[in-house]
Asks: 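I have a structure I would like to understand better, so I am pasting it below and will then ask my questions one at a time.
Values reported hereafter were calculated over all heavy atoms of this structure, with side chains retained and with hydrogens, waters and symmetry mates removed. Quick note on labels: first sequence line is chain A, next is B, and so on, each numbered from 1.
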Amino acid sequence: MNFSRREFAVGCSTAIAALAGGRLGGLVFANPADTTPRDILVIVFLRGGCDSLNFVAPTSDQHYADARPDLRVKDGDPNTDTSSGWQMSNPLAQIDFRFHNKAKPLLELYQSGDLAVVHACGLTNGTRSHFDAMDYIERGTPTNKNTSTGWLTRHLVSIGADNGSATGLPAVAAASNVPTALLGSFEAASMARPTDFKLNSHWKYGDDQRGALRKFYSGDTALHSAGIRTLDTIDQLQSRPAPNPDVTYPPEARANGLKDSLRTIAHLIKMDMGLQVATVDYGGWDTHEGQTYVFPNQIESLAYTLQTFYNYLSAYHSRLTVVVMSEFGRRLKENESGGTDHGHGGVMLVLGGGVKGGRMYGSWPGLTQDSLDNGVDLAVTTDYRTVLSEILMRRLRNPKLGQVFPGISAYTPLNLVEGTDQAPDFTAGFSGKVYMPLVTR
Amino acid sequence: MPVSRRRFLKASGAVSAATATVTLAQTQGTLAADPALTAQQIADLAPAAAPELPQIAIIALNRMGYGPRPGDITAFNALGSTPSARLTAYVNQQLNPVDSQDTTCNTKLQNVKLRISYTKNTLPFTEDRALTSLNKTLAQLWALRDDPAYEERVRPVYEVRLATWLRAVYSKWQLREVMIEFWHNHFNVNAFADTKISVTLPLYDKLMRQHWGGNFRTLLEGVAQSPAMQFYLDNASNKTGGPNENYARELFELHTLGSENYFNALYDNWRDVPGATSGKPIGYIDEDVYEAARAFTGWTIADGSWNGSANFPNTGQFTLYANWHDRFQKRVLATELQHDQTPLQDGQKVLNLLAYHPGTARHLCTKLCQRLVADVPPQALIDRAVQAWAANQTKPDQIKQTLKVILLSPEFAEAWGQKVKRPFELFAAFLRATQVDFPPGGLFVDDNLSGTVERTGYRLFSWPTPIGHPDTATPWLSSNVMLLRWNILNDMLGRGFWRIPDASPAPFNLRGQIPASATTSRQIVDFWVSRLLGRTLASNLMSELYDFMSQGSGPDVPPIGDTADVTDRINYLVTLICMTPDFQWR
């Protein structure tokens with residue numbers, strides 16, 4: 001005996017995949033039995049705590065101006081004054097909200113109706129620790145950082161795309177390691193470039209090794225299936241031509257890591273590798289000092305890179321949703337070092353063909369002393385899970401919100417994306433500790 | 001002798017067999033048409049793919065250890081005239097390790113150097129340093145917290161990690177290493193979560209080393225009082241008025257009873273839990289966790305912080321601080337804890353209740369069988385292990401007595417291919433079988449090995465949740481991990497992997513290990529298959545390897561190509577054999 005029958009049964013979607021060739025209608029599906037059209041979700045995580053108040057700034061708020069004599073975004077003409085931002089239509093609370101001066105490409109996406117902005121949103125847990133805040137957000141359980149799976153993992157599990165037997169690459173972290181949002185995933189692959197997913201071998205003997213492995217792994221155990229699936233994925237990636245023309249970033253896009261990561265994801269999408277979710281990290285936002293030197297560059301790189309990436313994938317807009325988020329915003333009052341300290345309420349950007357863009361969403365809590373969180377930070381009026389739940393429901397067609405975000409009990413969409421609502425399922429489905437509740441066993 | 005599916009289903013019990021029926025029926029349309037189909041029939045329908053049961057030496061060396069080194073199989077087989085005599089002798093040896101006999105490993109640990117570099121007082125600082133943290137006292141380790149260099153503050157973690165690799169690769173006492181890995185996972189801490197954990201990890205490791213085969217109750221208390229666990233699960237700041245239940249929660253759910261004995265969804269009141277009114281509840285609910293959290297108030301570490309009336313001494317010592325202790329009565333697992341007990345009395349009472357609970361015996365024995373036998377261990381074996389566990393629960397060698405029952409069971413000897421090596425086990429096995437000079441030249445410029453293996457998700461001493469690394473195959477079989485299982489083997493052949501200077505000898509000399517009598521491709525392949533797998537493979541698979549080695553020149557002549565080419569091919573032959581399922585199983 002090798003693996004138990006149970007293990008074999010678990011691996012049975014492999015058998016079905018083999019029957020269907022793993023491809024339906026020209027698309028690779030992680031779970032071939034699932035033909036629900038779901039958006040590809042790309043999460044861009046701004047690591048370090050992005051200053052939401054200078055990214056999307058409430059320029060006409062007097063408290064803002066008072067608290068930030070040197071760091072604020074002003075309400076002058078952004079074409080001639082680089083300290084002034086780009087005015088946004090449909091703002092919150094009739095405030096003159098403006099994108100940072102270096103974020104003009106985002107204004108264009110906003111005006112074209114593909115980009116929505118949610119302000120004063122984030123984690124309901126009050127932690128100001130990067131480590132804790134990221135943990136809570138990415139595990140999707142704001143009261144428990146011991147949860148053994150990430151929220152994206154549980155999404156994949158709940159649509160049957162993360163049972164250790166997927167064809168293609170349903171989940172990719174364009175990085176050297178898989179982020180916490182994909183913690184516990186059986187399928188998540190990390191890669192700097194699609195071409196990295198290959199057998200590293202001797203130039204002369206690599207093909208021989210691959211060929212022999214195919215023979216060695218023909219068998220019916222879960223281990224054999226895993227080997228064949230891996231060889232198939234290598235073959236698929238190797239056999240598909242790299243997209244031509246390649247994405248070309250403008251000179252303002254200077255953050256090489258971000259550019260490379262988004263290029264990798266764009267390639268995987270164009271190579272049709274069955275991608276369902278992808279994650280990108282963009283660090284450098286912990287601007288405790290010298291924010292005027294660092295922050296504009298960060299924003300400029302983000303804005304130009306994101307716009308270029310999005311335009312490069314124009315054929316995919318109808319099934320692409322990009323979310324930009326950070327672990328928290330920063331202190332309203334600037335500090336003595338020309339920076340800002342860890343704060344609370346942040347901003348989320350949602351970009352895609354199915355996004356009802358050109359609007360701000362959420363509820364503006366104001367910046368008066370008593371409306372601030374702990375008296376010092378922008379409050380959180382929209383739980384980040386509210387935004388992600390709507391995307392899960394309407395764009396990823398997954399109503400199992402309780403499984404993805406255990407403990408939530410209400411579905412209250414902001415109506416920021418197109419799509420239909422199904423009856424939300426708030427059943428947690430499993431204890432947060434059970435390592436992997438994948439299949440009925 | 002292959003074990004039939006029939007036999008397996010019988011051994012694994014009705015529950016999993018029934019589950020198999022359901023799952024298969026759900027996923028296979030043809031079978032679903034006949035709901036009356038039994039598990040037995042399904043088993044007979046399924047194609048037979050059972051890997052053959054190898055000789056007992058292979059089973060023992062791979063599952064009680066990190067795989068055979070050259071000579072191990074011969075030595076094992078010299079231990080007795082029958083398979084069971086050999087296994088018995090080997091188990092008895094392994095259960096009674098003698099450190100002074102572990103000369104190779106001891107020498108390695110003493111001589112190995114791990115480079116440390118950082119900027120010290122604006123100047124670059126580099127030192128090729130021995131593993132000096134391993135035997136430091138608490139006072140010495142605790143002082144590292146104040147070192148301005150992050151590299152010094154986490155140095156103990158890197159040293160423990162490297163020592164763990166070295167012991168896995170070189171120690172004679174393999175079962176001990178496997179069990180220490182088991183306990184580290186059972187009582188997992190993320191060493192990078194807090195400097196107080198990183199600096200004290202050598203002591204935490206020593207705790208596992210001391211009690212790996214000892215008494216569970218003793219080990220449990222050692223863990224409860226360790227700075228590593230105290231800070232990882234926040235009990236250090238658990239005080240009356242603002243109790244922190246993090247430790248208590250995991251103590252029940254992970255360290256002792258397990259989530260299978262958590263009945264909160266079924267019962268709202270402690271009295272409703274079956275057995276509670278007679279003082280023997282079958283499991284626990286949230287109330288038990290809350291009350292236990294109160295019992296552990298005042299268990300803390302003297303870390304120099306403010307304790308309400310003064311600063312604790314800054315020593316890192318475990319401390320019982322009565323002012324933080326909740327003095328009122330508590331009820332845990334239907335047992336009253338009187339008011340005004342000392343923090344030690346309350347905490348120890350909870351540990352007793354948990355350590356001696358039958359649910360804990362079952363939880364721990366299931367995990368042990370899962371580690372040592374199969375992902376889904378036979379129920380009958382678990383039952384016998386539970387008996388031994390409970391019968392010896394106050395003995396100083398309780399764990400060893402339990403291990404003996406598991407390791408000398410027929411189920412142990414008849415199971416193969418029901419576990420896949422986790423990445424750490426796989427690469428340790430490779431390093432053992434190939435006799436690599438590990439680390440090459442005795443120096444790790446950086447621990448690229450651990451860093452690379454982390455890409456598979458195996459994060460030695462930094463698994464990010466209290467549950468520890470999963471001990472079933474599936475999480476280690478994604479396409480990403482499978483590819484890394486193969487790639488890291490090939491990568492290790494390159495000197496770049498080991499960060500060694502150009503002038504150093506190659507880390508591997510695989511060609512040099514082939515006996516002079518083996519000259520043809522067939523002989524070379526036969527030698528390596530036997531060395532690496534301890535058995536031969538199906539003839540069609542052997543042919544693949546002969547073809548690989550001979551490159552078209554035929555198996556019965558020396559391999560074609562110049563010396564460098566043949567050396568390369570031997571290297572990649574060896575990694576190829578280690579990539580096969582037969583090397584990946586345990």
Asks: Given that the side chain runs from C-beta out, which part of B:E454 has a heavy atom under 4.5 Å from chain A: side chain, backbone, both or neither?
Replies: backbone
Asks: So for B:L493, is it side chain, backbone, both, or neither that comes closer than 4.5 Å to the heavy atoms of chain A?
Replies: neither
Asks: Evaluate the side-chain proximity of B:W486 to A:N200: yes if any heavy-atom separation is below 4.5 Å, no if none is.
Replies: no
Asks: Which heavy atom in B:M482 sits nearest to a heavy atom in A:G227, and how many Å separate them?
Replies: CE-CA, 4.2 Å
Asks: Under 4.5 Å heavy-atom distance to chain A, tell me which part of B:R485 shows up: side chain, backbone, both or neither.
Replies: neither
Asks: In the structure I gave you, are the side-chain heavy atoms of A:L223 and B:W476 within less than 4.5 Å of one another anywhere?
Replies: no
Asks: Can you tell me how far apart CE (B:M579) and CZ (A:R210) are? Round to the nearest 0.5 Å.
Replies: 12.0 Å
Asks: With side chain to side chain contact (heavy atoms under 4.5 Å, CB included) as the test, would you mind laying out the steps for B:Y572 and A:D208 before giving the verdict?
Replies: CA-CA 10 Å; B:Y572 286 85; A:D208 286 353; over 6 Å; no
Asks: Before giving the answer on side chain to side chain contact (heavy atoms under 4.5 Å, CB included), spell out for B:T465 and A:L183 the whole-Å C-alpha distance, their side-chain angles and the decisive distance to 0.1 Å.
Replies: CA-CA 10 Å; B:T465 55; A:L183 184 66; 4.2 Å; yes
Asks: With a 4.5 angstrom heavy-atom cut-off, could you sort out which part of B:N571 is near chain A: side chain, backbone, both or neither?
Replies: neither
Asks: Do you know which of B:N487, B:I488, B:L537 has the most heavy-atom pairs under 4.5 Å to chain A?
Replies: B:N487
Asks: Please flag which part of A:K204 lies under 4.5 Å from any non-hydrogen atom of chain B: side chain, backbone, both or neither.
Replies: side chain
Asks: At what distance, to the nearest 0.5 angstrom, does CG of B:L576 lie from OH of A:Y205?
Replies: 13.0 Å
Asks: Please rank B:L233, B:D565, B:L573, B:D582 by heavy-atom pairs under 4.5 Å with chain A and give me the top one.
Replies: B:D565
Asks: How many angstroms lie between atom NE2 of A:H224 and atom CD of B:Q584, to the nearest 0.5 angstrom?
Replies: 10.5 Å
Asks: Quick one: pull up CG in B:L483 and CZ in A:F197 and give me the separation to the nearest 0.5 Å.
Replies: 4.5 Å
Asks: Looking only at heavy atoms, which two atoms of A:H202 and B:D568 are closest? And how far apart?
Replies: NE2-OD2, 2.9 Å
Asks: Taking atom CG of B:N480 and atom OG1 of A:T233, what is their separation to the nearest 0.5 Å?
Replies: 10.0 Å
Asks: Would you mind telling me which of B:A193, B:P581, B:G494, B:A538 has the largest number of heavy-atom pairs within less than 4.5 Å of chain A?
Replies: B:P581
Asks: What distance separates A:Q209 CD from B:L489 CG, expressed to the nearest 0.5 Å?
Replies: 9.0 Å
